[in-house]
Amino acid sequence: MMEFFTLTLGLYMASMLAVLPLRNNYEKSIRVGHAFTALASLALLAFVIEALPTAVRGGAIDLTLVGISFHIDGLSLILCMVLGILGLATSLYSPRYMESYKKLGRGWVYIILYSTFMLSMILIVTVANLLWFVFFWEVMTLASYLLMIWEHNEDHVRKAGWKYFVTMHITSTLPLLLALALLYAKTGSVEGLDFANLSKLHLGAIYYLLFLIGFGSKAGVVPIHFWLPDAHPIAPSNVSALMSGAMIKVAVYGLVRLTCFVMKPTEIFGYIVGAIGAITLTVGTLYALKQTDAKRLLAYHSVGQMGYIWLGVGTGILFLAKGGEWAAFGAIALTAGLYHLLNHAIFKGLLFLSAGSILYRTRSKDLNKLAGLAKLMPVTAVFTFVAAMSIAGVPPFNGFMSKWMIYQATFLSRNIIVIFGIFALFISSATLASFLKFYTTAFGGEPNELTKEAKEVPIEMLIAKGLLALLCILFGLIPSSVVPLLASPGRILGGADLTGWLTTTYSFIMIKAPGMPAGGETLFKPLLFVVVFGVAFTVLYVAFPIRKRIYKPWTLGEPVPMGEYKMKACNYYGPFEEYIHFLYHWGHELSKFGGRITDSVSYAYLWLCRKLHKAADAMSRALINAGLAYLRSVSELYLDEFIFAPFVKILRGLGFVLDEGSRKTNANITLALLALAIILALALL
C-alpha cells in the first residue's frame with residue numbers, strides 16, 4: 001500500500017534533480033519539472049484511493065522512512081487528497097502560465113522551490129513527530145515566501161513578502177517553537193515528541209493558546225489575517241492557488257491534529273474557534289465586497305471562507321467535548337468543516353487559476369478595466385462561473401453542500417452557537433454579491449481596448465481548470481463520494497457510530513440532531529434539485545424565449561462611447577459600503593496600527609540580524625586566525641583538521657559578505673544559514 005506514497009516523495013525529489021542539467025533552458029526545465037510533479041500528484045491520488053477503505057473504517061497506516069515516523073489516518077488522507085488534486089491541476093497549468101515569467105529566468109530554481117513547497121506540505125500532514133512537523137512547517141514557510149516574491153523586481157512585492165515573512169515567524173513559527181520546547185522539556189527525548197506519546201500527557205491551556213495563535217495566523221483568521229490580502233495577490237497565480245487552496249488548509253490540519261487528537265477537545269476551545277470563525281467569515285467577506293483588484297478580492301474571500309471552515313471545526317470540537325449522544329453530532333459538525341475545507345481548496349484553486357488566465361491574456365487584474373471576456377474566452381468564462389457559484393453556495397455546486405451542513409450543525413444545536421450560523425447564512429449572500437461583481441465586470445459586456453485582443457488560454461491550462469470545475473459539480477451532486485472519508489476523523493474522536501445521524505447516498509444527504517423526533521431529520525437531494533430546476537428552466541425558456549435586442553442610449557447628442565455605459569467594479573454596492581463605512585474605517589485604522597507594529601518588528605529583526613552578522617564575522621576572524629596559527633605550528637595534519645579547515649575559510653568569507661551586504665540581503669542570508677544549520681543538526685541526530 002505504501003508504494004504509491006514513497007513513489008510520490010521520490011518523484012518530487014526526482015523533479016529537483018531532473019532540472020539541474022537544464023539550468024540554461026527555461027522552458028524545458030519548467031516542462032520537465034512539472035511533468036515529474038504531475039506524476040507525483042497522480043501517485044499521491046492513487047495512494048489516497050488505495051488507503052481510502054482503511055481510513056473509512058477508522059484505521060491508520062504507520063511506517064518509518066529514513067528514520068522519520070509517519071502516521072496516516074483519515075485526517076491525513078483528506079489533506080493528501082487536497083494536495084493531490086491541486087498539485088495535479090497546477091502542474092498541468094503552470095508550464096504555459098510560467099511563460100509570463102521567462103524574463104526572470106531561473107526556471108530550475110522555481111521547480112526546486114515548487115517541489116519543496118509541495119513536498120513539505122505532504123510531509124507535514126503525514127509525519128507522526130512534533131519535531132519533524134515544526135521543521136517541515138518552517139520549510140513550507142520558507143519555500144512559500146520565495147515563491148511568493150518570485151517577481152521580486154517590484155517594490156510592493158518585496159514589501160508584501162517581507163510582511164508575510166516577519167508575521168509568520170513571529171505569530172506562527174515562534175508559538176510552535178515555544179510549544180515544541182515546552183513539550184521537549186516534559187518528554188526529554190525526540191522520540192517522546194511522537195504524537196502517540198504526547199497524547200498520553202496532560203497538557204494545560206497554554207498549549208491550546210500557542211496552537212491557536214500558531215495555526216490561526218497561518219490560516220489567516222481575524223485578527224492575524226492582515227498579511228494574507230497582500231501576500232496572495234503578489235504571487236504567481238499558480239502559487240496563489242496552492243497557498244490559498246492548500247497551505248492555509250494545512251494550518252487547519254495542525255489545529256485539529258494537535259488540539260483534538262494529541263490533546264482533547266474542550267468546550268471552551270470549541271466556542272473560541274467557532275467565534276473566531278464567525279468573525280473571520282464576516283470581516284473577510286465584507287472586505288472582499290469592496291475590492292476591485294481580482295486577486296485581492298479572491299484573497300479576502302480566502303479569509304472569509306476560512307471563517308466557514310473554522311466555524312464548522314469549532315462547532316465540532318464543542319460537541320465532541322460534550323460527549324454522549326452529542327459526540328455524534330460533533331462528528332457531523334467536524335465533517336461539515338472538513339467538507340468545506342476540501343471544497344474551498346477546489347473552487348478557490350479554480351478561481352485563482354481563472355484570475356491567472358485573465359492576467360495571462362490581458363496583463364491586468366483590475367476589474368474596473370476588464371470587460372467582455374466571455375466572448376473572447378468562453379471556456380474560461382464557463383469554468384469561472386462554476387467556481388463563482390460554488391464559493392457563493394449556490395446549489396447544486398459543492399460549496400452549497402458543505403455550507404448547508406455547517407448551517408445545519410449550528411441551527412440544530414439548540415445552542416448559542418446558532419448566532420454564528422446566522423452570520424454565516426447572511427454572509428453567504430454577500431459572497432454571492434461579490435462574485436456577481438467579479439464575473440459581470442470581467443466577463444460581461446463588450447470587449448474594450450484592453451481586452452479586445454484577448455483569446456482563450458492554451459489547452460493545458462483549460463484541462464487543469466476543467467478538472468477542478470468537474471470536481472465542483474461532482475462533490476456537489478454526489479456528496480457520498482467524499483463524505484465517508486470526511487466523517488472518519490470525527491467518528492474516531494467521538495467514538496460514535498454515525499448510522500442514523502448522518503446518511504449519505506448518491507441522491508441525498510441527511511442529518512439528525514439529538515432530541516429530534518423521528519421524521520424530523522433535515523435532508524437535501526441535489527440530484528432532485530437539478531431535475532426540478534432543469535425542468536422549470538426549460539419550461540420558462542420555451543414559454544418566454546429570449547429575444548436579444550440592443551438599444552442605443554440617448555446621449556443628448558454627445559459622442560459618448562458605448563463602453564462608458566458599462567458599470568465599473570468601483571460602482572457596485574456603493575450605498576451598502578457607505579452603510580457599513582464604520583467597519584472599513586476602523587479596519588483601516590487597525591491596519592495602519594498593525595502596519596506600524598510589523599514595521600517595528602521588522603526593524604528589530606534587521607537590527608538583530610546585523611548584530612548577529614557582526615558577531616559571526618568576529619568569530620570567523622578569530623577562528624581562522626587561531627586555526628591557521630595552529631596549522632602552521634604542527635608538522636602533521638590529521639583528517640579531521642583537513643576537513644575542518646575549509647569550513648573555517650567559508651565562515652571567513654561569509655563574515656565578509658554579511659558585513660558588506662545590505663540589510664534585506666543580510667536577513668535573507670541569515671534565514672538561509674539558520675535553515676542550513678537546522679538541517680545539518682537534524683541530520684546528525
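Note: hydrogens, waters and symmetry copies are ignored here, and every other heavy atom, side chains too, is used.
In this pair, Phe195 and Phe133 present their aromatic rings perpendicular. The plane angle is above 60°, beyond the 30 to 60° band. In this structure, Phe5 and Phe70 have perpendicular ring planes: the angle between them is above 60°, well past the 30° mark.
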Next item on the list: Would you check, one step at a time, whether the test side chain to side chain contact (heavy atoms under 4.5 Å, CB included) holds for His225 with Val222?
Entry: CA-CA 5 Å; His225 69 291; Val222 176; 3.7 Å; yes
Next item on the list: Evaluate the criterion side chain to side chain contact (heavy atoms under 4.5 Å, CB included) for residue pair Leu320 and Leu334; output intermediate values, then yes/no.
Entry: CA-CA 9 Å; Leu320 284 168; Leu334 181 61; 4.2 Å; yes
Next item on the list: Before giving the answer on side chain to side chain contact (heavy atoms under 4.5 Å, CB included), spell out for Gln305 and Ile391 the whole-Å C-alpha distance, their side-chain angles and the decisive distance to 0.1 Å.
Entry: CA-CA 8 Å; Gln305 296 302 306; Ile391 191 173; 3.8 Å; yes
Next item on the list: Take Ser354 and Thr384, measure what side-chain hydrogen bond (donor to acceptor under 3.5 Å, both in side chains) needs, and give me the verdict at the end.
Entry: CA-CA 6 Å; Ser354 295; Thr384 306; 3.1 Å; yes
Check: Passes side chain to side chain contact (heavy atoms under 4.5 Å, CB included), Leu183 versus Leu198? Steps please.
Finding: CA-CA 8 Å; Leu183 290 171; Leu198 293 178; 4.1 Å; yes
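Every pair passing ring-ring contact (aromatic ring centres under 6.0 Å, His included) that includes a residue from residues 306-337 is listed here, sequence neighbours excluded: Tyr308-His340, Phe319-Trp326, Phe319-Phe329, Trp326-Phe329.
Checked against side chain to side chain contact (heavy atoms under 4.5 Å, CB included), Ser302 has the following partners two or more places apart in sequence or in another chain: Leu228, His232, Ser244, Ile248, His344, Lys348, Phe352. Shown here are the side chain to side chain contact (heavy atoms under 4.5 Å, CB included) partners of Ile492, two or more places apart in sequence or in another chain: Phe261. Every residue two or more places apart in sequence or in another chain was checked for a side-chain hydrogen bond (donor to acceptor under 3.5 Å, both in side chains) with Tyr439, and none qualifies. For the side-chain hydrogen bond (donor to acceptor under 3.5 Å, both in side chains) test, residues two or more places apart in sequence or in another chain that qualify with Asp73 are Ser76, Arg257.
The distance from the CG atom of Leu412 to the CD1 atom of Ile332 is 9.0 Å, given to the nearest 0.5 Å. Remark: Phe135 CZ to Leu176 CG distance equals 14.5 Å, nearest 0.5 Å. Atoms OG1 and CG, on Thr187 and Leu193 in that order, are 4.0 Å from each other to the nearest 0.5 Å. Here the CG-NZ distance, from Leu341 to Lys249, works out to 6.0 Å after rounding to the nearest 0.5 Å. Separating the CD1 atom in Ile78 from the CG atom in Leu338 is a distance of 4.5 Å, to the nearest 0.5 Å. Note that CD1 of Ile85 and CG of Leu467 are 7.5 Å apart. Values are rounded to the nearest 0.5 Å.
Looking at Lys218 and Met140, their side chains come closer than 4.5 Å, going by heavy atoms from C-beta outward. Side-chain atoms of Val134 and Leu130, non-hydrogen and from C-beta on, do get closer than 4.5 Å to each other. Between Met389 and Phe347 there is no side-chain heavy-atom pair separated by less than 4.5 Å. Annotation: side chain of Met405 is in contact with side chain of Ile509 (closest heavy-atom distance under 4.5 Å). Between Leu471 and Asn343 the shortest side-chain heavy-atom distance does not fall below 4.5 Å. Leu79 has its side chain out of reach of Met121: every pair of non-hydrogen atoms, C-beta onward, lies at least 4.5 Å apart. In this structure, Leu255 and Phe269 have side chains that are in contact, with non-hydrogen atoms separated by less than 4.5 Å. Using a 4.5 Å heavy-atom threshold, the side chains of Asp230 and Tyr164 count as separate.
For the residue pair Ser199/Lys264, the side-chain donor-acceptor check at 3.5 Å is not satisfied. At a cut-off of 3.5 Å, with distance as the only test, a side-chain donor of Glu138 or His169 sits close to an acceptor on the other residue. A donor atom on one side chain and an acceptor atom on the other are not found under 3.5 Å apart for Ser434 and Tyr300. Counting only N and O atoms by type, the side chains of Trp132 and Ser69 include no donor and acceptor under 3.5 Å apart.
Taking the six-membered ring for Trp, Phe397 and Phe475 have ring centres at least 6.0 Å apart. Aromatic ring centroids of Trp404 and Tyr407 lie 6.0 Å or more apart.
Taking each heavy atom of Ser390 and Cys472 in turn, the nearest pair found is OG-CB, 3.6 Å. Between Pro265 and Ala321 the shortest heavy-atom distance is O-CB, 3.4 Å. Nearest heavy atom pair, residue Pro484 against residue Pro479, reads CD-O, 4.5 Å. The shortest non-hydrogen separation linking His71 to Ala60 is CE1-CB, 3.3 Å. Here the closest heavy-atom approach between residue Leu350 and residue Ala387 is recorded as CD2-CB, 3.5 Å. Across all their heavy atoms, Leu44 and Gly84 have their closest contact at CD2-N, 3.6 Å.
Heavy-atom neighbours of Leu523 CG from other residues, nucleotides or ligands within 6.0 Å: above the threshold of 12. For CZ of Phe385, the number of neighbouring non-hydrogen atoms (other residues, nucleotides, ligands) closer than 6.0 Å is 12 at most.
In this structure, Ser144 contributes its side chain and Thr141 its backbone to a donor-acceptor pair below 3.5 Å. Not one N or O on the side chain of Arg491 forms a donor-acceptor pair closer than 3.5 Å with the backbone of Leu498. At distances below 3.5 Å, at least one donor-acceptor pair connects side-chain atoms of Ser41 with backbone N or O atoms of Leu88. Of the possible donor and acceptor atoms, one in the side chain of Ser172 sits under 3.5 Å from a partner among the backbone N and O of Gly214.
When each of Thr126, Leu485, Ile61 is checked for a side-chain contact (heavy atoms from CB on, under 4.5 Å) with Leu77, only Leu485 meets the rule.
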Compile the donor-acceptor pairs under 3.5 Å between side chains in residues 415-427 and protein atoms, sequence neighbours left out, one pair per line.
residue	atom	partner	partner atom	Å
Asn415	OD1	Tyr271	OH	3.3
Asn415	OD1	Ile417	N	3.0
Asn415	ND2	Tyr271	OH	3.0

